[in-house]
Amino acid sequence: MQRLTHSPRNNWQASVEKYGLHFHTMDGQVYWDESVSYHFSAFEVDTLEFATNSLHQMCLDTVQHIIDDRLFKLFLIPEHFEDHVVRSWEEDQFSLYGRFDLSYDGFNPPKLLEYNADTPTSLLEAAVIQWFWLKDLDERGDQFNSIHERLIEAWKKMALKSTNTVHFCATESVVEDYVTVEYLRDTAIQAGLKTNYLDIQQVGWDRAKNTFVDLQGSTIQKCFKLYPWEWMMREEFSRNIPNGKTQWIEPAWKMLLSSKSILPLLYERYPDSPFILPASYEPLDVANQVRKPIYGREGANIQVIMDGNVISETPGPYGQGPFIYQQLAPLKQFDGFYPVIGSWVVDGESAGIGIREEDSIITKNTSRFVPHQLSN
Amino acid sequence: MTRMGKELSLVLVGATMLTAGYFYFREDDHDADSYTNDTNHYHTHAHPMFIPIMMRSYGRSGFSSQGNSSGVASRTSGSITRGGFGSTVSAHSSGS
């Protein structure tokens, strides 16, 4: 695993905008950074793929354990919502995708930092933008990336069971979310599905029909929502979800995996896994650890503790907790920067990676996305 | 192991058009709320309505003209109530 520097393509901004990446620069800072790339050997990619598939299986096993033992309080799931989570699991409701964030140095086994299982973003960058960057650079180059094809295949598989229109919801005022959802909608269209978009705030509840409806008053049968379950289940319409006919994508059981509360349970069940760091609901008896809010987002309210002292802390709205504690991953610096591997799971299988890079050990919403390629 | 070793199929020309087209509608035509796609009209490079959009750059936090904000009150029309989701929306991403 190597970090190399390059000259960006001439007019790179137009090149990435051509494929929909309009947020390549934020507040004057580059977000899509093609002045850098990471190179991986085939062995390293095999390792990442194996770790990802193993972690996903361990996660599914842990969800079953949570359901069996009804450990919903650890996830702050309201009582009235528990049975809906169980039903979504028992009915094996369709799950499209997720992204593990892994610490990896190319030598030691990848370590799970968290699983963005419900509303992962940075998808267009990983699936498409970095691929066309590579093709511009080296037509014969290769990448660990079949995300796009697998998304289409996953939708096709879903379409075999039902051809109902799939509605896509996001918060259109946030361009990153909107672009992510529109990209996914494009893959669904390519799979032959009928789709429609509406803002999450435009979703209606028809009390006469007892269904969620779109702007035309049509029943929403299937809805991909880029809107976290932990928010949905506390909002006004949450009481209608268990009774409504809508199948939500991602399904409600994925919230169990997207919460950091999964990390201590994973460690409890798989203490010897090379991919899982020690984690607990109480401070660990180790010198170096990280405190994470169980529903924190985008690196907010992360506390890094070394030798008992807080050496770094990010601001955010989740300061009241609750928190989990995870042993600090051994992060390797590459030219003074810390990469985190976003390893994508599509339809239950490893599908490729994207990399976010930061000059501190906490990856934030402003951390740069950098492309990768396979070494020759 | 499957790795991408070939060109993408429709390669997001569709997505770009789709996305750009929606930005265009949203900014200039709020009646376009009822805009519903079909599988044909995204694949055309030359549709002039997309051109101005492709030349623009957006910040991650979006468009001032949209006006979505937290705490939107629900509203009822006939038997349909809207606004029961989205009250947690902030200027930040719902993604992770």
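This is a predicted model, so every value here is computed, not measured. First the proteins, then the strands, lettered A, B, ... as listed; each starts at 1.
- For chain B, no part of A/I129 is nearby; none of its heavy atoms comes within less than 4.5 Å.
- For the set A/L184, A/N240, A/N116, the count of heavy-atom pairs under 4.5 angstrom toward chain B peaks at A/N116.
- We find the CD1-NZ distance between B/I80 and A/K209 to be 6.5 Å, quoted to the nearest 0.5 Å.
- B/T81 places a side-chain heavy atom less than 4.5 Å from the side chain of A/R207.
- Counting heavy-atom pairs closer than 4.5 Å to chain B, the top-ranked of the candidates A/T119, A/V213, A/V203, A/D214 is A/T119.
- Using a 4.5 Å cut-off between heavy atoms, A/R234 does not touch chain B at all.
- With contacts defined as side-chain heavy-atom distances shorter than 4.5 Å, the pair B/R82/A/L215 qualifies.
- Across all their heavy atoms, B/G86 and A/I200 have their closest contact at CA-CG2, 4.0 Å.
- Looking at A/S238, only its backbone comes within 4.5 Å of chain B, counting heavy atoms on both sides.
- Screening A/W231, A/Y227, A/F212 against B/F85 for a ring pair (Phe, Tyr, Trp, His ring centres under 6.0 Å) leaves a single residue, A/F212.
- Proximity to chain B (any heavy atom under 4.5 Å) is shown, for A/D27, by neither the backbone nor the side chain.
- In this structure, a donor-acceptor pair under 3.5 Å is absent between the side chains of B/S87 and A/E236.
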